Amino acid sequence: PAAVPHKPRVFCLYPVDDSVKEYAEQWFDFTCEPNPQVSRWREEAEAVMVRSNKVTPSDVKQLSPAFKYVGKHGVGVDAIAVKELNAKGIKVMNTPGVNASAVAELALTLSLCLARDVAQIDRRIRSGETVTKADGGSTGFQLTSKTLGLVGGGNIGYQLGKMFYGAFNAKVIVYDPHLHPSMSQKWAELLPASHFQRVNTLDEMLAASDVVSIHVPLLESTTNLIGEEQLRKMKKTALLINTARGGIVNEDALLKALEEGWIAGAGIDAFSIEPPTSKDFGGLINHPRVISTPHIGAASLDVIRITALAVVDHLVEAFRG
Ligand code: NAD
């Protein structure tokens, strides 16, 4: 971003790495002080960066008259007295969508590993089995020129679509009845008409896709969205990836689908009970065509740094007015 008019006094109330500090110091009179006992942010700050820190109504009363912005690392603002801040004309800014590429990369990883049977072959080799190329390699398929079906074309879905198109020349089908017009616009700019389709029914997308990846929030309308009926509509060769939330895919139906060969595999980062263990999901997590991870979608090292940089950017923009 371009320079801000003056160097505002900004405190960060959680630890950030040196690259974030150096970046922030370009724009701000910046202090990173994660210890609230020591920090003089209430008296001195014009803005504050918070992650899991609380900003209470009592904090708000003590703020200096120069205080203008709270930059929230991540999305949830439930620990912040937003109403009290807004009443004083102070704006709270969060960072939606910043973890999107990390989650999309995990969805891509699960897709690739399942397509080429990587995890299963590795497990067999580790267990002492001699796996030959003809034996171990016979089931693999490529993602090149295949069709990705997205349930939800928001931030994460978009990043995954971009990866599938860019890396594999894949066609992308989006089922998202509530897609925001700004996202529609982004999709139209990203993909040629030959590689993009928006469909009005989930069934249409399920029947046409080689990889179906879920990127919707858990809502009443998305609970059990993928059950027996939907799984039966998928191609027998298709993969199902869920890095969204447990409860969107009916896990009993998914196990049945895998056991009876209605679909070819599942990558699951989101379970209805977490973390996933054999006690709750013995059949599913031990199935040879399943790869499971314990809700690690957004847990990359980069996400923490990138999100902190995004908070700084939001503050810079705000101070520039
Ligand atoms: P987003 O809000 O940008 O996009 C969600 C999309 O879902 C929106 O376009 C919305 O219109 C669409 N949608 C809502 N209801 C729908 C329905 N019934 N059918 C089809 N589409 C519907 O959100 P995002 O950043 O892309 O994140 C998607 C989800 O991923 C989040 O809600 C969260 O549950 C999950 N998530 C998981 C992790 C992880 O660690 N695995 C991390 C971040 C987010």
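Because the structure is a prediction, the values reported are computed rather than measured. Both ligands and their constituent atoms are indexed starting at 1 by order of listing.
Taking OG1 of Thr237 as the reference point, atom NZ of Lys146 lies at 8.5 Å (rounded to 0.5 Å).
Gln26 and Glu22 form no side-chain donor-acceptor contact under 3.5 Å, judged by distance and modelled atom types alone.
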- Message: One pair to check against side-chain hydrogen bond (donor to acceptor under 3.5 Å, both in side chains): Thr201 and Asp203. What are the steps and the verdict?
- Response: CA-CA 5 Å; Thr201 67; Asp203 289 357; 5.8 Å; no
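Near ligand 1, residues Asn99, Val103, Gly152, Gly154, Asn155, Ile156, Tyr175, Asp176, Pro177, His178, Leu179, His215, Val216, Pro217, Leu219, Ser221, Thr222, Thr243, Ala244, Arg245, Asp269, His295, Gly297, Ala298 each place a heavy atom inside the 4.0 Å sphere around the ligand atoms.
Heavy atoms of other residues, nucleotides or ligands lying less than 6.0 angstrom from NZ of Lys21 number more than 12. Surrounding NZ of Lys91 are at most 12 heavy atoms belonging to other residues, nucleotides or ligands under 6.0 Å away.
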Residues 62-69 side chain polar contacts: donor-acceptor under 3.5 Å, at least two apart:
residue	atom	partner	partner atom	Å
Gln62	NE2	Ser58	O	3.2
Gln62	NE2	Ser58	OG	3.4
Ser64	OG	Ala66	N	3.2
Tyr69	OH	Ala318	O	3.1

